[in-house]
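Take a look at the structure below.
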Amino acid sequence: MPKIRVIDNHTGQTLFDCPVEESEKAYTFAAQMEEMGLDVIVKSPTLTDTLSVSLGLTLEERAAYLKSMDEEMENHEGSCCFEEKDSTKPIN
């Protein structure tokens, strides 16, 4: 199960972790640590991480999925949902 982690920015040590569903606890803890003067970061799992866990993918399947996503991003110029406007054409 992916977790949200609060990490000391200087040492890389995880100071706190909790399930994604309890994210407010991580942010509250991080705020308390910053009030004490610690430099912390909150690391949340990506959508890809949570999706692959919820689908029950094995490590090999997850690696293949991540590779296919990387390839798709590299081979996909622009967006199929957005067209850049030609700035040389007059607006009608």
Side-chain angles (χ1 to χ4, degrees):
M1 179 60 95
K3 294 188 174 194
I4 294 179
R5 299 181 301 142
V6 179
I7 301 170
D8 183 313
N9 205 26
H10 296 292
T11 66
Q13 180 181 2
T14 298
L15 304 175
F16 179 84
D17 65 27
C18 64
V20 173
E21 297 81 22
E22 299 175 7
S23 62
E24 68 280 349
K25 289 181 181 180
Y27 288 101
T28 299
F29 181 82
Q32 292 170 346
M33 295 299 102
E34 287 177 345
E35 286 177 10
M36 294 173 46
L38 291 176
D39 182 19
V40 297
I41 55 173
V42 178
K43 298 275 286 192
S44 298
T46 64
L47 179 59
T48 303
D49 294 331
T50 55
L51 178 62
S52 60
V53 168
S54 67
L55 292 174
L57 300 181
T58 65
L59 290 176
E60 295 81 19
E61 291 169 330
R62 184 171 187 266
Y65 175 65
L66 291 173
K67 182 179 177 186
S68 72
M69 288 195 61
D70 288 341
E71 289 171 354
E72 178 65 26
M73 294 298 286
E74 289 173 6
N75 296 326
H76 192 85
E77 292 183 20
S79 171
C80 57
C81 302
F82 176 77
E83 269 186 49
E84 290 188 36
K85 293 183 180 178
D86 185 351
S87 61
T88 61
K89 289 183 181 178
I91 299 174
N92 296 342

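Judged by distance alone, the side chain of Asp49 and the main-chain N or O of Thr46 form a donor-acceptor pair under 3.5 Å.
Under the 4.5 Å side-chain heavy-atom criterion for Ile, Leu, Val, Met, Phe, Trp and Tyr, Met36 and Val42 are members of the same hydrophobic cluster. Under a hydrophobic clustering in which Ile, Leu, Val, Met, Phe, Trp and Tyr are joined whenever their side-chain heavy atoms come within less than 4.5 Å, directly or via other members, Val6 and Leu38 fall into the same cluster.
Using modelled atom types and a 3.5 Å distance limit, the side chains of Thr14 and Asp17 yield no donor-acceptor pair.
Applying the side chain to side chain donor-acceptor pair (under 3.5 Å) test to every pair with at least one member in residues 27-44, sequence neighbours left out, gives these pairs: Asn9-Asp39.
You'll find the side chain of Met69 reaches within 4.5 Å of the side chain of Thr48, heavy atoms only. Inter-residue side-chain proximity for Phe16 and Lys25 is flagged as met; some heavy-atom pair is nearer than 4.5 Å.
In this structure, the separation between OG on Ser52 and CZ on Arg62 is 4.0 Å, given to the nearest 0.5 Å. Remark: Lys3 NZ to Thr50 OG1 distance equals 15.5 Å, nearest 0.5 Å. Within the model, atoms CD of Glu24 and CZ of Phe29 stand 15.0 Å from one another, a figure rounded to the nearest 0.5 Å. To the nearest 0.5 Å, the span separating CG on Leu57 from CG on Leu66 amounts to 9.0 Å.
Scanning all heavy atoms of the two residues, the minimum distance from Ser23 to Ile4 falls at CB-CD1, 3.2 Å. Between Val40 and Ala30, the closest heavy-atom pair is CG2-O, 3.8 Å.
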